[in-house]
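Only one structure is covered here, and it is reproduced in the block below.
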Amino acid sequence: MTKMKSAPPLILRVEKAGLQSTVQDLGRPQGASWGLPVGGAADALALQVANLLLGNPHDAAALEITLGGFRAQFAHTSSFALSGADCEARLDGRRLLPNAVYRGVKGQVLSLGSPQQGARSYLSLPGGIDVPELWGSRSTLLAAALGGLAGRALQKGDQLCAGWRDQSRPAIAIAMPERGNLLRFIAGPQWAQLGSEGQKRLTQQSWKIDIQSNRMALKLNGGLLQMEIPIEMASHAVLAGTVQLPHGGQPMILLSDAQVTGGYPVIAQIIQADLWRLGQLRAGDAVYLQQIDQPAALAALAQQQAWLQRIEAMIARQSR
Amino acid sequence: MIYPLGETALVLQAGAGEQARLIAIARQQAQGVAERGYQLILGVGNLTVRFNPLQQSADEVLAWLQQQWEHSAQTRDDVASTQHQIGVCYGGEAGPDLADVAAHCAMSVSQLIEAHSSAVYEVLCIGFLPGFPYLAGLPANLATPRRAEPRVRVPAGSVGIGGAQTGIYPCESPGGWQLIGRTGLALFDCRANPPCRLQAGDRVRFVPQERV
């Protein structure tokens, strides 16, 4: 492995950018006092796996590709990793599975088709994708046209540079946890005011992801809910995974690019360990919501962190 | 009152009358907040602390927050408040709803401009859009309901009234507020440090001017 301190190596030339491909890392929490959404990968677990596979810092910047349809040519030979939704990726003719490390040779073409399941795929390069850091993050924030590559989604002709050169990573593949269709939540501050009827409906029926969903929010179809006790809310912090009930009655789950503050009742908060699942949901997918308590949410989070640490240790052993 | 928002955040709900104390806590970001890995998000009458629950227990954070709240009773008056004069071109293309708002408030256009520009506004917090200030202090007789049909494009710098609030759109966005004028002042600029011109606790006055 050669780590160069000179100019960042050009690795990929984008031939087809797809619906929405953006550079993302784990987000920009320090921008909250300026009204900046935290942003970052919609599926932060897949992003971290893509990084760990290459021996990158877990929070390095990678490419988030929405619903596939991406194609790029290797300008230089390099290792790379794919994770997240399986888009029937191919390297020239060879079929690639997600959650594995590969080597692209100069001139070869990497192409992603459409995913059968899931919404977002992640492509990592050695040392992360080299774009300028802004306030502690390289995430693209489309709403404010900042971060990432010129503050925008990728376009045909864009060039992606890596943090360092590395052509010889061991070919490792890992098995991701089952995604399932269950989202676990902790009761939100206005859960009680939703009333027992609303609580029952939220948790006992399936909800379908609305077509009008994006990196800011997933809207849920399955009938309208009303607060039993209507409340006027002053603006307050909202987070990825916050479940709001706007006056219209259609529940929505906020995602990474959500505004820092909101004004609708918060009926639930999806647990941290399940946030990655939100990033893989797409229009028409059915989900169930299940209430759990704080200790169970913490246990799930600790378990997920331990899993990531095991992956990291396993990859470190194999790379020796 | 302090309550949890999921397993990674606690919310201190104090009420709008206690904003000065909340601002005093939020302004201490630099002092000990970063080392603990906390992130503070100020709302209107509330303050949220985000933390890593695998590193700190909610009980620890709760105790810290209670301590900050008690301490803020002394520090509330020490918050430095920058006064901003923001030049606004009222009416015309810059403020297409000025006449409608004046009619709704039963005053002349010049009375409306006079009333809006003589009040002193306080920045309660920044949110909704990057650099968007929640301003308190709109004279009650200027309150005007939002437009029935929101605009698809509100130009950056637009000054509007929405219900009992007034505000400035920092960037182009959709919006339903009544637009009474526009400022050429950039409220949010990626190249500036800090990028956000206003901060919670600052005071704002609008100064009528001929052009944007």
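Letters A, B, ... are given to chains in the order of the sequence lines, protein chains preceding strands, and every chain is numbered from 1. Atoms considered below: every heavy atom in the structure, side chains included; atoms not considered: hydrogens, waters and symmetry mates.
Aromatic ring centres of Tyr121(B) and His116(B) lie closer together than 6.0 Å. The aromatic ring centres of Trp191(A) and Phe185(A) sit less than 6.0 Å apart.
Within residues 234-252 of chain A, the residues that have a heavy atom under 4.5 Å from a heavy atom of chain B are Ala234(A), Ser235(A), His236(A), Ala237(A), Leu239(A), listed by number. The interface of residues 14-23 of chain B with chain A, defined by heavy-atom distances below 4.5 Å, is empty.
Here Leu129(B) is the residue among Leu129(B), Asn193(B), Val11(B), Leu42(B) with the most heavy-atom pairs under 4.5 Å with chain A. The candidate with the highest count of non-hydrogen atom pairs below 4.5 Å against chain A, out of Arg50(B), Glu172(B), Gln13(B), is Arg50(B). The greatest number of non-hydrogen atom pairs below 4.5 Å with chain A, out of Pro195(B), Cys190(B), Ala58(B), is found for Pro195(B). Interface remark: of the candidates Pro130(B), Gly43(B), Ser173(B), Pro130(B) forms the most heavy-atom pairs closer than 4.5 Å to chain A. Each of Pro133(B), Ala9(B), Pro53(B), Ala200(B) has some count of heavy-atom pairs under 4.5 Å with chain A, and the biggest count is that of Pro53(B). Taking chain B as the reference chain and counting heavy-atom pairs below 4.5 Å, the highest number among Pro189(A), Ala32(A), Ala144(A) is found for Pro189(A). Ranked by heavy-atom pairs shorter than 4.5 Å toward chain A, the options Leu47(B), Leu54(B), Leu198(B), Thr48(B) are led by Leu54(B).
Using a 4.5 Å cut-off between heavy atoms, Tyr3(B) touches chain A through its side chain atoms alone. Of the atoms belonging to Gln305(A), it is side-chain heavy atoms, and not backbone ones, that fall under 4.5 Å from chain B. Of the two parts of Pro170(B), neither the backbone nor the side chain holds a non-hydrogen atom closer than 4.5 Å to a non-hydrogen atom of chain A. In this structure, chain A has no heavy atom under 4.5 Å from any part of Arg197(B).
Although no hydrogens or angles enter the test, the distance criterion places a donor-acceptor pair under 3.5 Å between the side chain of Glu7(B) and the main chain of Gln272(A).
The salt bridge (charged side-chain N to carboxylate O under 4.0 Å, His left out) pairs that include a residue from residues 29-43 of chain A number zero, where partners must be two or more places apart or lie in different chains.
By the 4.0 Å N-to-carboxylate-O rule, Glu93(B) lies too far from Arg182(B) to be salt-bridged with it. Using a 4.0 Å cut-off between charged side-chain N and carboxylate O, Lys219(A) and Asp210(A) make no salt bridge. Ion pair Arg27(B)/Asp78(B) not flagged as a salt bridge, since none of the NZ, NE, NH1 or NH2 atoms sits closer than 4.0 Å to an Asp/Glu carboxylate oxygen. The residues Asp25(A) and Arg138(A) are annotated as not salt-bridged, no charged nitrogen and carboxylate oxygen being separated by less than 4.0 angstrom.
Interatomic distance, Leu183(A) CG to Ile270(A) CD1, rounded to the nearest 0.5 Å: 5.0 Å. Rounding to the nearest 0.5 angstrom, the gap separating the SG atom in Cys196(B) from the CD1 atom in Ile126(B) is 4.0 Å. Taking CG of Leu65(B) as the start and CG of Leu12(B) as the end, the distance is 5.0 Å to the nearest 0.5 Å. Taken to the nearest 0.5 Å, the CD1 atom of Ile168(B) stands 4.0 Å off from the CD1 atom of Ile86(B).
In this structure Asp59(A) satisfies the salt bridge (charged side-chain N to carboxylate O under 4.0 Å, His left out) test with no other residue, sequence neighbours excluded.
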For Ser139(A) and Gln24(A): C-alpha separation, side-chain torsions, deciding distance, then whether side-chain hydrogen bond (donor to acceptor under 3.5 Å, both in side chains) applies.
CA-CA 4 Å; Ser139(A) 282; Gln24(A) 297 293 345; 3.2 Å; yes

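Annotation: Gln83(B), atom CD; neighbour count of heavy atoms from other residues, nucleotides and ligands within 6.0 Å is above 12.
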